[in-house]
Amino acid sequence: MAFYLSRFLPLGAKLTLNTAPETDARELPATMSALILESPGNLQLETVPVPMPGPGELLVRVRAATTCGTDLKAYLRGHPMIPMPGPLGHEYSGVVFAAGPSAPFQVGDAVMGVHSAPCQTCFWCQRGQENLCDSIMETKVLGSYAEYLLIPSRIAKLNVFPKPPEISFEIASLLEPFSCVAQAISMLELRSDTTALVIGPGAIGLMFVAGLRAMGLTDVTLAGRNEARLAVGKTLGANICQVSNIPSGDPHRFDLVIECTGQVEVWEKSVDYSRRGGKVVLFGGCASGTRASFDTKRLHYDQIELLSPFHFGTKAVRLAREWLLNPSLDLSPLISGTRSLSEGAKVLDDLQAGKGIKYVFKP
């Protein structure tokens, strides 16, 4: 995985850089603090070597790293795409501290980006499905819960962008999860009068509300159980209701249903809320090996279309960035507070307990 052990500085060595004022012109130390997931439930703050950027690569001084539901899943029970022991975190923004030869940014540039990029040459990329790229997961970078993050050349070239001063580092770090939302929304044919139901008021569900509103939808309902999170959805422009009170029985009610819980029973129930000829987006990832059952009569005779989007391609990243740069869209209510790396385990425990939506580490 992309932690680039072969290009660490030797312990005790120092790398002198022509740094920007953001770094106070100090020497880059040989080691840094980073949160390492040793095993499920065992997250440790450790001292690790600082990686050195090679050709086309960037070393970013992390200014904001937001928490993610995928990281929480890895912490609780492990995750097939997050190796252990290994670095954790993949949402970030920061300032370029060092740049390899031919890198697309210079030292001192404020940047925002995502943790992966497609190869653009494989079977899937050539068919317009960059999100399914053969190597997009194998070449992703992890470790934003650290002082520095090494961005491989492929990602630096395709999916790292300037961070304008108009948005904060905290908001800029939301580009990755918002790109996942943009990938799903870009697969839909939306009309201004499309009626949408989003099930699950977690960070992703709330971002779906924001994304749908950014696309011009005025009738978006957010359903869930957590009253505090539903209240945030209301500030983003959604109608809100408890899951038990989702309007049903109206054959014309919801053109679009988006499931954001990752629970099999909610996957199955989502179909019941769609109108005839409607679409259901099964976004929340369920545990590996689980099965969902649907009423085949309903799917067939009511022509219900099921979509299950995964990850994102370059177009989705650019759409998400466009949304973030829109001054009328404000995702700051999703940020529940700022934490230090030393509070890593407590932050994930709080999220598991339903406290907060997204926290920001400022290493």
Colleague: Which residues pass the salt bridge (Lys or Arg N to Asp or Glu O under 4.0 Å) test with K279, sequence neighbours left out?
Modeller: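 With sequence neighbours excluded, K279 shows a salt bridge (Lys or Arg N to Asp or Glu O under 4.0 Å) to E305, given in chain and number order.
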Colleague: What heavy-atom pair brings L158 and P118 nearest, and what distance separates the two atoms?
Modeller: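 Where L158 meets P118 most closely, the heavy atoms are CD1-O, 3.5 Å.
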Colleague: What orientation do Y148 and F97 show, parallel under 30°, tilted 30 to 60°, or perpendicular over 60°?
Modeller: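 Y148 vs F97 ring planes: perpendicular.
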Colleague: When you compare the side chains of Q120 and Q126, does any donor N or O come within less than 3.5 Å of an acceptor on the partner?
Modeller: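 Judged by distance alone, the side chains do not pair up.
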Colleague: How about T31 and T47: does a side-chain donor come under 3.5 Å of a side-chain acceptor?
Modeller: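 Side-chain D/A pair, T31 to T47: absent.
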Colleague: If only side-chain N and O atoms count, and only distance matters, is there a donor-acceptor pair under 3.5 Å linking R154 with S135?
Modeller: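 Yes, a side-chain donor-acceptor pair sits under 3.5 Å.
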Colleague: Verify whether one side chain among E268 and S270 offers a donor that lies under 3.5 Å from an acceptor in the other.
Modeller: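 Side-chain D/A pair, E268 to S270: absent.
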Colleague: Please find the pair of heavy atoms, one from T235 and one from V232, that lie closest to each other, and give the distance.
Modeller: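 It is OG1-O, 2.5 Å.
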Colleague: Could I get the full list of ring-ring contact (aromatic ring centres under 6.0 Å, His included) partners for Y92, not counting sequence neighbours?
Modeller: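 Scan of Y92 (ring-ring contact (aromatic ring centres under 6.0 Å, His included), adjacent residues dropped) gives none.
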Colleague: Using side chain to side chain contact (heavy atoms under 4.5 Å, CB included) as the criterion, point out the one residue from V198, L236, V220 that pairs with F208.
Modeller: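 Of all the options given, the one that passes is V198.
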Colleague: Does NZ in K269 sit with more than 12 non-hydrogen atoms of other residues, nucleotides or ligands closer than 6.0 Å?
Modeller: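 Check fails, neighbour count at 12 or below.
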Colleague: Report, one line per pair, each donor and acceptor closer than 3.5 Å where one atom sits in a side chain of residues 351-363; sequence neighbours left out.
Modeller:
residue	atom	partner	partner atom	Å
K358	NZ	T67	O	2.6
K358	NZ	E91	OE1	3.1
K358	NZ	E91	OE2	3.3
Y359	OH	K355	O	3.2
K362	NZ	E170	OE2	2.4

Colleague: State whether the number of non-hydrogen atoms from other residues, nucleotides or ligands found under 6.0 Å of R225 atom CZ is greater than 12.
Modeller: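 No, because the 6.0 Å sphere around CZ of R225 holds 12 heavy atoms or fewer from other groups.
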Colleague: Please check if any side-chain donor atom of T195 sits under 3.5 Å from a side-chain acceptor atom of D219, or the reverse.
Modeller: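 No, D219 and T195 have no side-chain donor paired with an acceptor closer than 3.5 Å.
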